[in-house]
Enquirer: 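Quick one: structure below, then a few questions.
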Amino acid sequence: MSVLEKIKDIEAEAKLAKLRRELLEPSAGGGGATGAGFDVQKVGDARVGLVGFPSVGKSTLLTKITGTFSEAAGYEFTTLTCIPGMIRYRGAKIQLLDLPGIIEGAKDGKGRGRQVISTARTCNLIIIVLDCLKPMTHKKLIEHELEGFGIRLNKQPPEINFRKKDKGGINYTSTVPNPKLDMDAVKSVLSEYRIHNADVHLKQDYEVDDLIDVIEGSRVYIPCIYAVNKIDQITIEELNVLDKLPHYCPVCAYHEWNLTGLVEMIFDYLKLIRIYTKPKGKLPDWSDPVVLPAGRCSVEDFCNRLHKSLIKQFKYALVWGSSVKHRPQKDDPTAAKKFQEVQRAYDTLRDSQKRKAYDRMGHEAYENMEAAGGSPGGQDGPFAGSGPFSGSGAQGASMFEHMFGGGLGGQRMRMRPTFQTAMMISFKDAVKGTTQTVDLSSLGIPGLGKKKTVELNIPAGVDSGYQLRLEGVLPAGPQGRPEGDLMVQIEVGPSPVFRRENFDLYVDVSVDMVDACLGTSVDVPTVDGTAEVQVKPGTQPGDKLRMRGYGVAKDIVGQKGRRGDQFVRILVTVPRKLNAGERQLLEQLRSGKTSSSETKTGKGWFS
């Protein structure tokens, strides 16, 4: 194929993409379908759509997973509107949509296909439900319909930098040697869109379709799971083949086979982050997290999720977790913006041309020039000698000395390497605190030398998931690598006696029926030994006695010396066998109670 023929093919693809866009965009004054029944409000932490041909089991799948009834029958097109349901899994609320079945030509509007696929575009995840008897055929047809509507499945947006400009022609660069897209191909595609001045930079090797997607700017990239339904109709050998395919999940909605695996796969593909809020002086509330997508989980995103007005009054947050250096770490939501400003200042100081331009122009004029995309090289201005970086640049150097611990000529800031491990401790050590020895040689850390162990002081009151960081305990590496940190995650073993809730402990104590009636004193186990507790006369089964200050220490929340409480639940035991004397006494008691007036009021022995 000659170069001219290749250019003609590329121009044909670009024209086809433009015609598809005109077809998909609704007309200004037309009176098409309004999409009634598809305008479902988006609720929950994420939205998942079920897409597939008619009668593949989408409605049954929605009913079995969410409990929401969606009519299912033996004929096609049972579902004519969008039916929403809700999945509650690991603290996240995931909206599941049962969309009507699509047919070939759905992207062109056949069978209300546009409404169905338009709703699918709003989802964070698409589940394509396939019939196990012909999965590959259905898969190709459905992918073709979704691709034609601008949906890209299980793909990442192309790393192509495209920027229009007023003049200068086409500037094309690529970091890949011998890319598939050359200068002629890029010019041919851009000419179809009447773009004659632009910057195009390719970070990887891409096809013409990828460049068209970037220029169009209307493509959505959505993860996808292929749920192969009705696996009760195929053999084990065929099922093993399907299970090895990427993004596939074999299920049977009717028999409820592997539905838990599908829900877990949905949670993993959505890449959700659970954030738990912690009241001051208490443990986190593990039952009600704030769920955010992994790509947007900053402190600012967290505030906007709660309420958009919160960020205006917000000062800082205390953050716990494996991503922070200190426990807790103070996090400013505006820190990223401040760091970008510092980084720009550093780039200006490091580049001699930029620094000279800044000294000549001043701060405001230099900022305006950078915002307009100008170049500092060779430009003169009326602001010579102004600006904070004029002269020797001592002010800029002192700023970086303050931030990075040295001048611009010193060493670059290096991040400490961190090695993570876990340690199991007993319930008693977690409650009262302890000191453990960590054997570094068993962790496979190279270059230890004589330092084989390190002492770990575990504060009182820790629970499973608590993390301790030992700074600088690992040896320095080659080429000036700094000392490393050791991150230890604490796991607490169960107790056969106590049950813990935040900083309070709960224990059960059995009391004889007679002692519950007359009152007694019992020995109650505590983490400090045993303690005597008085049981009042007339104590009822299930009554709780409070022992103040016998619970878990609150050192980890800054309340050193204070402890929670211990609650004793009374279990009244009734003898299974009685001797003659005991039976006679109980018979006398029952006869006395029957003749008394208390039985007329319906009161029993433990009233």
Side-chain angles (χ1 to χ4, degrees), residues 276 278-287 318 320 327-328 421-439 453-470 486-573:
Y276 298 91
K278 178 185 177 301
K280 188 175 181 180
K282 297 182 180 180
L283 288 175
D285 182 10
W286 304 109
S287 61
L318 297 178
W320 283 260
R327 295 180 55 87
T421 184
M423 173 180 288
M424 176 70 74
I425 62 174
S426 66
F427 185 86
K428 183 177 180 180
D429 289 342
V431 171
K432 303 190 68 176
T434 183
T435 300
Q436 298 285 342
T437 301
V438 181
D439 185 4
T453 61
V454 64
E455 296 295 324
L456 178 65
N457 295 319
I458 302 175
V462 300
D463 205 351
S464 292
Y466 191 86
Q467 292 181 333
L468 293 170
R469 180 184 289 270
L470 301 177
L486 181 64
M487 179 76 76
V488 183
Q489 179 166 318
I490 304 298
E491 299 294 334
V492 180
S495 171
V497 179
F498 301 101
R499 179 172 57 88
R500 177 175 175 176
E501 290 185 8
N502 291 334
F503 295 101
D504 296 330
L505 296 177
Y506 293 80
V507 65
D508 295 339
V509 173
S510 299
V511 177
D512 187 78
M513 177 182 66
V514 178
D515 291 335
C517 295
L518 303 178
T520 186
S521 61
V522 293
D523 290 333
V524 177
T526 68
V527 292
D528 303 315
T530 58
E532 188 177 273
V533 175
Q534 295 294 325
V535 179
K536 296 180 180 180
T539 297
Q540 301 296 305
D543 280 358
K544 292 181 181 179
L545 306 179
R546 187 171 190 170
M547 302 174 64
R548 296 185 180 274
Y550 281 85
V552 182
K554 298 183 178 181
D555 294 2
I556 61 173
V557 292
Q559 300 183 19
K560 196 172 182 64
R562 299 188 61 181
R563 298 175 62 175
D565 300 331
Q566 177 171 313
F567 293 89
V568 182
R569 187 176 64 166
I570 301 299
L571 303 179
V572 178
T573 59

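Scope of the values below: all heavy atoms of this structure, side chains included, with no hydrogens, waters or symmetry mates.
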Enquirer: Look up atom CD1 in I570 and atom CG in L545, then write down how far apart they are to the nearest 0.5 Å.
Expert: 4.5 Å

Enquirer: Between F427 and G493, what is the shortest heavy-atom contact and its length?
Expert: CB-O, 3.7 Å

Enquirer: Where is the tightest heavy-atom contact between K554 and G564, given as atom of each residue plus distance?
Expert: CE-N, 4.0 Å

Enquirer: Could you work out, with side chain to side chain donor-acceptor pair (under 3.5 Å) as the rule, every residue matching Q436, not counting sequence neighbours?
Expert: none

Enquirer: Looking at residues at least two apart in the chain, or sitting in another chain, which of them share a ring pair (Phe, Tyr, Trp, His ring centres under 6.0 Å) with F567?
Expert: Y506

Enquirer: Under 3.5 Å, which donor-acceptor pairs do the side chains of residues 454-464 form with other protein atoms, sequence neighbours left out?
Expert:
| residue | atom | partner | partner atom | Å |
| --- | --- | --- | --- | --- |
| E455 | OE1 | T437 | OG1 | 3.4 |
| E455 | OE2 | T437 | OG1 | 3.0 |
| N457 | OD1 | T435 | OG1 | 3.1 |
| S464 | OG | V492 | N | 3.0 |

Enquirer: According to ring-ring contact (aromatic ring centres under 6.0 Å, His included), does anything in residues 508-558 pair up with another residue at least two apart or in another chain? List the pairs.
Expert: none

Enquirer: Name all residues meeting the side chain to side chain contact (heavy atoms under 4.5 Å, CB included) criterion together with V552; count only those two or more places apart in sequence or in a different chain, and write none if there are none.
Expert: V431, R500, F503, L505

Enquirer: For T520, what residues pass the side chain to side chain contact (heavy atoms under 4.5 Å, CB included) criterion, not counting sequence neighbours?
Expert: V511, D515, V522, V535

Enquirer: Show me the side-chain donor-acceptor pairs of residues 524-532 shorter than 3.5 Å, one per line, residues at least two apart or across chains.
Expert:
| residue | atom | partner | partner atom | Å |
| --- | --- | --- | --- | --- |
| T526 | OG1 | D528 | N | 3.3 |
| T526 | OG1 | G529 | N | 3.3 |
| T526 | OG1 | G529 | O | 3.0 |
| D528 | OD1 | K432 | NZ | 3.2 |
| D528 | OD2 | R563 | NH1 | 3.0 |
| D528 | OD2 | R563 | NH2 | 3.3 |

Enquirer: Main chain of D565, side chain of D504: is a donor-acceptor contact present, judged purely on distance under 3.5 Å?
Expert: yes

Enquirer: To the nearest 0.5 Å, how far apart are CZ in R562 and CG in D555?
Expert: 11.5 Å

Enquirer: Can you list the residues that meet the salt bridge (charged side-chain N to carboxylate O under 4.0 Å, His left out) rule with D508, with sequence neighbours excluded?
Expert: R569

Enquirer: Run the side chain to side chain donor-acceptor pair (under 3.5 Å) test against R499 and tell me which residues pass, sequence neighbours left out.
Expert: E501

Enquirer: Any ring-ring contact (aromatic ring centres under 6.0 Å, His included) involving residues 509-532? Give me the pairs, sequence neighbours left out, ordered by first then second residue.
Expert: none

Enquirer: Who pairs with D512 by side chain to side chain donor-acceptor pair (under 3.5 Å), at least two apart in sequence or on another chain?
Expert: none

Enquirer: So, using side chain to side chain contact (heavy atoms under 4.5 Å, CB included) as the criterion, who are the partners of K536 when residues are at least two apart?
Expert: T539

Enquirer: Under the criterion side-chain contact (heavy atoms from CB on, under 4.5 Å), I'd like the reasoning laid out for R469 against Q467: C-alpha separation, chi angles, the key distance, then a yes or no.
Expert: CA-CA 7 Å; R469 180 184 289 270; Q467 292 181 333; over 6 Å; no

